[in-house]
Amino acid sequence: MIEIVVQGTLGEALGTAIGNFRVARVENGRTHLIGPVPDQARLQGILTQLSSLNIPLISVNPLN
């Protein structure tokens, strides 16, 4: 599981669009998405997808 923090107030549709992610919280103009990433290729695909949607990435954090 990872947490992806992006700039902007985004809804559940984004989590669904990138695949089985849920919006954990939205605060201070940032959206926190949590979901499974089985490998590096999947992570790279998610980051590419966010970039293609012009959604600024703040951080990617592993969760235990």
Leu43 and Leu53: same hydrophobic cluster, using ILVMFWY side-chain contacts below 4.5 Å?
yes
With the side chain counted from C-beta on, respond yes when Leu10 and Leu33 share a heavy-atom pair under 4.5 Å apart, and no when they do not.
no
Should the heavy atoms of other residues, nucleotides or ligands under 6.0 Å from CG of Asp39 be counted, would the total exceed 12?
yes
So, taking the atom named NE2 in His32 and the one named CD1 in Ile58, what distance separates them when rounded to the nearest 0.5 Å?
9.0 Å
If Ile, Leu, Val, Met, Phe, Trp and Tyr residues are connected whenever their side-chain heavy atoms lie under 4.5 Å apart, and connections chain through other members, are Ile34 and Ile46 in the same group?
no
Please confirm whether the backbone N or O of Gly8 pairs with a side-chain atom of Thr31, one donor and one acceptor, at under 3.5 Å?
yes
Please indicate whether Arg42 has more than 12 foreign heavy atoms, meaning atoms of other residues, nucleotides or ligands, lying under 6.0 Å from its CZ.
yes
Could you see if Ile55 belongs to whatever hydrophobic cluster contains Val23? Use Ile, Leu, Val, Met, Phe, Trp, Tyr and a side-chain cutoff under 4.5 Å.
yes
Please check if the number of heavy atoms outside Gln40 that lie under 6.0 Å from its CD is greater than 12.
no
Using the rule that two of Ile, Leu, Val, Met, Phe, Trp, Tyr join whenever any of their side-chain heavy atoms come within less than 4.5 Å, decide whether Val26 and Val60 are in one cluster.
yes
Find out if a path of hydrophobic residues (ILVMFWY) with successive side-chain heavy-atom gaps under 4.5 Å connects Ile18 to Ile2.
yes
Sub-3.5 Å donor-acceptor pair from the side chain of Glu12 to the main-chain atoms of Arg22, do we have one?
no
Please evaluate residues Leu47 and Leu57 with respect to the criterion side-chain contact (heavy atoms from CB on, under 4.5 Å), reporting the C-alpha separation (whole Å), side-chain torsions for both, the decisive distance (0.1 Å), and the verdict.
CA-CA 8 Å; Leu47 297 178; Leu57 178 68; 3.9 Å; yes
Within this structure, what is the CZ-CE distance for the pair Phe21 and Met1, rounded to the nearest 0.5 Å?
8.0 Å
Closer than 3.5 angstrom, by distance alone: can the side chain of Thr48 be matched with the main-chain N or O of Gln44 as a donor-acceptor pair?
yes
